[in-house]
Amino acid sequence: GISHVLTLVLQELSLLCKRDVNGVGMLYDLLRSRWLQALLKIYECLQHYLGKRPVPVTLQARALTREVVELLHEVPQSGEIKELRRLLRAPHLKAALLSAHDTVAQKDFEPTLPPLPDNIPENEEAMRIVCLVKNNQPLGATIKRHEITGDITVARVIHGGLADRSGLLYAGDKLVEVNGVPVEGLEPEQVINIL
């Protein structure tokens, strides 16, 4: 791997160091530094992990669990069988752990957007559908009512916030709908509550 290549480079550089070629000593010291060696080791470990990434055995762990519970009804009921059935029917296992497993196994991370309507008029101005997923963090944008049109618009996008990092919202953008709720006629405070 990379460690082997680095060892060979260091051997070559040590020969050049003896000849006192400009800058080779500094390069040699850099390549021998502990922090670079540690970074390369981490990189190799990550590459090894990515090459042998675990693959889920099933995409439907919840359904499989239901089947197992049903099958356990048909066998003689020992204390261990009753305990296993109780564990497999526990809400925290079914709702949290197995649901999370199925979501990851199916790679179902992104929210789904509603389909675009078929009846968009030709003269309609361009519209973007923006999907931002907030995880207990502020949107990073302020809104206001436009003085002339009365539309709800993005007043400011705060640098470093979710909206800024996404690159999807800009100051002056008109909000038409938020989370499936039309915002026409609503006050900015009402729209903030929907956000």
Side-chain angles (χ1 to χ4, degrees), residues 2 35-36 38-66 88-195:
I2 291 181
W35 63 268
L36 183 61
L39 281 176
L40 289 173
K41 201 66 159 162
I42 291 169
Y43 176 79
E44 283 183 341
C45 289
L46 287 172
Q47 290 302 314
H48 176 73
Y49 171 77
L50 289 175
K52 297 186 177 195
R53 190 178 326 189
V55 179
V57 176
T58 179
L59 301 180
Q60 300 291 332
R62 290 181 75 182
L64 182 61
T65 303
R66 280 192 298 274
L88 292 176
R89 288 190 307 209
H92 60 275
L93 180 80
K94 286 175 18 183
L97 183 62
L98 297 177
S99 179
H101 171 276
D102 290 351
T103 299
V104 171
Q106 295 168 16
K107 297 181 179 166
D108 186 21
F109 309 121
E110 299 295 325
T112 55
L113 295 175
L116 289 174
D118 294 330
N119 56 354
I120 297 176
E122 290 293 323
N123 61 353
E124 187 75 26
E125 60 184 72
M127 183 182 298
R128 287 189 325 267
I129 296 177
V130 175
C131 179
L132 296 175
V133 180
K134 289 178 22 174
N135 294 327
N136 297 327
Q137 59 183 326
L139 180 60
T142 59
I143 60 172
K144 68 177 183 177
R145 179 174 299 286
H146 192 275
E147 300 86 24
I148 300 168
T149 64
D151 295 331
I152 301 291
T153 61
V154 175
R156 191 168 70 110
V157 176
I158 299 165
H159 179 71
L162 176 64
D164 179 48
R165 289 192 315 267
S166 75
L168 298 173
L169 283 181
Y170 302 96
D173 283 353
K174 175 183 170 182
L175 299 181
V176 177
E177 193 176 275
V178 175
N179 294 333
V181 178
V183 298
E184 187 175 354
L186 296 179
E187 293 298 320
E189 293 76 22
Q190 294 172 301
V191 177
I192 289 171
N193 289 334
I194 298 170
L195 289 169

S.K.: Answer yes or no: is there a donor N or O on one side and an acceptor on the other, between the side chain of Ser166 and the main chain of Leu168, under 3.5 Å?
M.R.: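 Pair found, side chain donor or acceptor close to backbone of Leu168.
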S.K.: Could you pull out all residues at least two apart from Arg89 that satisfy side-chain hydrogen bond (donor to acceptor under 3.5 Å, both in side chains)?
M.R.: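 Expected list: none.
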S.K.: Taking only residues two or more places apart in sequence, or in another chain, which ones meet Ala63 in a side-chain contact (heavy atoms from CB on, under 4.5 Å)?
M.R.: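 Ala63: side-chain contact (heavy atoms from CB on, under 4.5 Å) contacts with Gln60, Arg66.
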S.K.: Which donor-acceptor pairs under 3.5 Å do the side chains of residues 184-195 make with protein atoms, sequence neighbours left out?
M.R.:
| residue | atom | partner | partner atom | Å |
| --- | --- | --- | --- | --- |
| Gln190 | OE1 | Glu187 | N | 2.7 |
| Asn193 | ND2 | Glu189 | O | 3.4 |

S.K.: For Ala141, give me all partners under side-chain contact (heavy atoms from CB on, under 4.5 Å), at least two apart in sequence or on another chain.
M.R.: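 By the side-chain contact (heavy atoms from CB on, under 4.5 Å) rule, Ala141 matches Leu139, Val154, Ala163.
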S.K.: Which pairs, with at least one residue in residues 149-169 and sequence neighbours excluded, count as a salt bridge (Lys or Arg N to Asp or Glu O under 4.0 Å)?
M.R.: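 Counting only pairs at least two positions apart or across chains, the salt bridge (Lys or Arg N to Asp or Glu O under 4.0 Å) contacts touching residues 149-169 are Asp151-Lys174.
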S.K.: Which residues pass the side-chain contact (heavy atoms from CB on, under 4.5 Å) test with Lys41, not counting sequence neighbours?
M.R.: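 Lys41 satisfies side-chain contact (heavy atoms from CB on, under 4.5 Å) with Glu44 once adjacent residues are dropped.
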S.K.: Checking Leu40 now: which residues fulfil side-chain contact (heavy atoms from CB on, under 4.5 Å) with it, not counting sequence neighbours?
M.R.: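 Partners of Leu40 by the side-chain contact (heavy atoms from CB on, under 4.5 Å) criterion, ordered by chain and then number, come out as Ile2, Leu6, Leu36.
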S.K.: Side-chain contact test, heavy atoms from C-beta onward, threshold under 4.5 Å: evaluate it for Thr153 versus Leu175 and give yes or no.
M.R.: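 No, too far: nothing below the 4.5 Å cut-off.
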